[in-house]
There are 2 protein chains.
Amino acid sequence: MPTGQPAIEPSRQEQKSERARLLLCESTVTCLTQYGYAETSISRVLAIAGVSKGALQHHYPTKEDLMAATAQHLLRRPLQQQPWSKQDRALSDPATREAALAKWLKNTWDKMINTGPYQALLEILLATRTDPVLHKRINRELEDSIRVIDEHFCQQYPDLNQASKAQLQALLCANRCLLRGLLIEAQYGLTSAAQKLVLKQWWQMLTPLLLGHFDSTSQLGETA
Amino acid sequence: MPTGQPAIEPSRQEQKSERARLLLCESTVTCLTQYGYAETSISRVLAIAGVSKGALQHHYPTKEDLMAATAQHLLRRPLQQQPWSKQDRALSDPATREAALAKWLKNTWDKMINTGPYQALLEILLATRTDPVLHKRINRELEDSIRVIDEHFCQQYPDLNQASKAQLQALLCANRCLLRGLLIEAQYGLTSAAQKLVLKQWWQMLTPLLLGHFDSTSQLGETA
DNA sequence: TAAAACCATCCAATCGTATTGTTTTTTTTC
DNA sequence: GAAAAAAAACAATACGATTGGATGGTTTTA
């Protein structure tokens, strides 16, 4: 039935609109990674997208609308990040677990943080510090995004008590922070070898603590 | 002898000039922390400093000059950071060492990273990613600043072989990165308690590795 | 025919910089 | 050592370019 449930298939106009919005957001991302937040202007985004000013203003009336939409676009991207293993629960073997975790850690850096889109997101994030209006528009989605990722990670653990979960979240937060900071550090005077060494060292510190919570009896590095 | 060696005491004009430059740089810092890089304009700095446009342009002809000088001003600040102990070498006792290190770690966060001036520096650093000209002007001083801090830290160790030093530098870099990332994370949805937990966890992971290099025999978490 | 998508142009405001003039300090010269 | 010339510090204003946003018209889709 073509029109059995109305609004189930997007109309041609809706498709067009969505494609246009996507193009604009992606152009904004390109602009942010290439020129930074301070130098990201409406006209520059327009030039990259190859559309007119009126088109942009039709979809996103103000620059703030465009930025909020772009942030949303960027935040929804990493949620596709795979968990430890494609198939659920093949992590009964400790060695498998460690390998899967190592892969996840590496993946987080290679495919999530150390990428153009994340640079763009970082530009927006830093800008929101001094832009309360934009901050308010993005904050909720941002917190949700983090929560989902953390939750997703924790679900790999069979049964997690409150204290263990708190520590895990702290470790995940630390991981985010370190990688984010490393992305910035990598801009100046950090050789590729030095960067690898830092990552190796960090993962070496992190891995046993993350794996430790699988056996509820042995909890390495317990806090308090 | 007042004029024994000429040009030893700064002339009145030089004093005036230096005071003006300092005022301008500090106003720029205020502007950066308050409004961010994108919203830091000449006129805003002028308003904060309370001087005329001509005055600024006399000391710093272009905005880039002002930013470079401000970055320099900010980079020279943290070098006053104290080492582990005020007096050299009172670290023979392991317990004293640990206490001194804990203090140093806490101090690095409280007095160096988690501050307005560092926020300002971070704004400039992120901006340099997409501003090659500014990047080039600042890069050397930036690298030097890091190197000095690292070197200063390593000097606390009596005799350090090459491998140990490499690991120490990786750990110090990781520390910088994590704290920098935490500063950004703290902007959104990170409770004060959660932040403390992350810091506590991180310091707990870091401390034994940093202290391990005092005894050249036992090297914890050795790499490769 | 109405609405959505898109385009071309215009607008006031602000950007960073250049220009010119005034005041203060330093240097030169008698 | 005081007057004159030079230079530095600072101020006021002007300038072209660009900013984000507004307006009115044209094409496409419903």
Side-chain angles (χ1 to χ4, degrees), chain A residues 2-3 6-25 27-28 31-32 35-70 123-124 127 130-131 133-134 137, chain B residues 2-3 6-25 27-28 31-32 35-70 123-124 127 130-131 133-134 137:
Chain A
T3 45
I8 243 293
E9 65 171 24
S11 69
R12 184 135 50 131
Q13 216 169 37
E14 280 171 348
Q15 283 179 6
K16 205 177 177 186
S17 180
E18 192 146 345
R19 256 188 298 122
R21 286 169 203 264
L22 187 63
L23 172 66
L24 288 171
C25 284
S27 300
T28 307
C31 199
L32 285 169
Y35 301 103
Y37 188 89
E39 301 298 324
T40 291
S41 64
I42 300 283
S43 39
R44 239 195 258 264
V45 173
L46 256 42
I48 294 176
V51 299
S52 76
K53 212 162 196 173
L56 172 59
Q57 292 211 325
H58 173 72
H59 293 288
Y60 303 113
T62 74
K63 189 185 182 184
E64 186 196 304
D65 292 325
L66 177 63
M67 280 299 164
T70 303
E123 294 280 340
I124 298 181
T130 49
D131 187 338
V133 189
L134 190 58
R137 286 188 66 164
Chain B
T3 43
I8 242 295
E9 65 173 24
S11 69
R12 183 134 53 126
Q13 217 170 37
E14 280 170 348
Q15 284 180 6
K16 206 176 175 185
S17 180
E18 191 146 348
R19 256 189 297 120
R21 286 168 202 262
L22 187 64
L23 173 65
L24 288 171
C25 283
S27 300
T28 307
C31 199
L32 284 169
Y35 301 103
Y37 188 89
E39 301 299 322
T40 292
S41 64
I42 299 284
S43 37
R44 238 196 259 264
V45 173
L46 255 44
I48 294 175
V51 299
S52 77
K53 219 161 194 175
L56 173 57
Q57 293 211 321
H58 174 71
H59 294 288
Y60 304 112
T62 72
K63 190 184 181 184
E64 186 195 305
D65 292 325
L66 177 63
M67 280 299 165
T70 304
E123 293 279 341
I124 298 181
T130 49
D131 189 337
V133 188
L134 190 59
R137 288 189 65 163

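Letters go in sequence order (proteins before strands), and every chain restarts at 1.
What separates CD1 of B:I42 from C1' of D:dA17 is a distance of 15 Å, to the nearest Å. Atom-to-atom, CG of B:L24 to C1' of D:dA9 comes out at 12 Å; the value is rounded to the nearest Å. Between B:Y60 atom OH and D:dC10 atom C1' there is a gap of 15 Å when expressed in whole angstrom units. At whole-Å resolution of the value, CD in B:Q15 and P in D:dC10 are 13 Å apart. Rounded to whole angstrom, the span from the OH atom of A:Y35 across to the P atom of D:dT19 amounts to 12 Å. Spacing between atom CZ of B:R21 and atom C1' of D:dA9 amounts to 11 Å, rounded to whole angstrom units. We find that CZ of B:R44 is positioned 14 Å from C1' of D:dT19, with the value rounded to whole Å. Regarding A:H58, its NE2 atom lies at a distance of 18 Å from the P atom of D:dG24, rounded to whole Å.
Residue B:H59 places at least one side-chain N or O closer than 4.0 Å to OP1 or OP2 of D:dC10.
Scanning all heavy atoms of the two residues, the minimum distance from A:V133 to A:E64 falls at CG1-OE1, 3.3 Å. When all heavy atoms are compared, the tightest approach of B:L32 to A:T130 is O-CG2, 4.4 Å. The shortest heavy-atom contact between A:L24 and A:A49 is CD2-CB, 4.1 Å. Smallest separation of non-hydrogen atoms from A:K53 and A:I42: CE-CG2, 4.3 Å.
Here chain B contacts DNA chain C (any atom closer than 4.0 Å to a heavy atom, that is under 4.0 Å), and the contacts span C:dC15 to C:dT26 from 5' to 3'.
The shortest distance between side-chain heavy atoms of B:Y35 and B:S41 does not fall below 4.5 Å. You'll find the side chain of B:R44 stays beyond 4.5 Å of the side chain of B:T28, heavy atoms only. Residues B:Y60 and B:M67 fail the side-chain proximity criterion, which asks for heavy atoms closer than 4.5 Å. Residues A:R137 and A:D65 have side chains in contact (heavy-atom distance under 4.5 Å, counting atoms from C-beta outward).
With hydrogens and angles disregarded, no donor-acceptor distance shorter than 3.5 Å links the side chain of A:E123 to the backbone of A:G36.
If you find the closest nucleotide of DNA chain C to B:K16 and to B:T62, the one lying nearer the 5' end belongs to B:T62.
Within residues 48-57 of chain A, the residues having any heavy atom under 4.0 Å from DNA chain C are, by residue number, A:V51, A:S52, A:K53, A:G54, A:A55.
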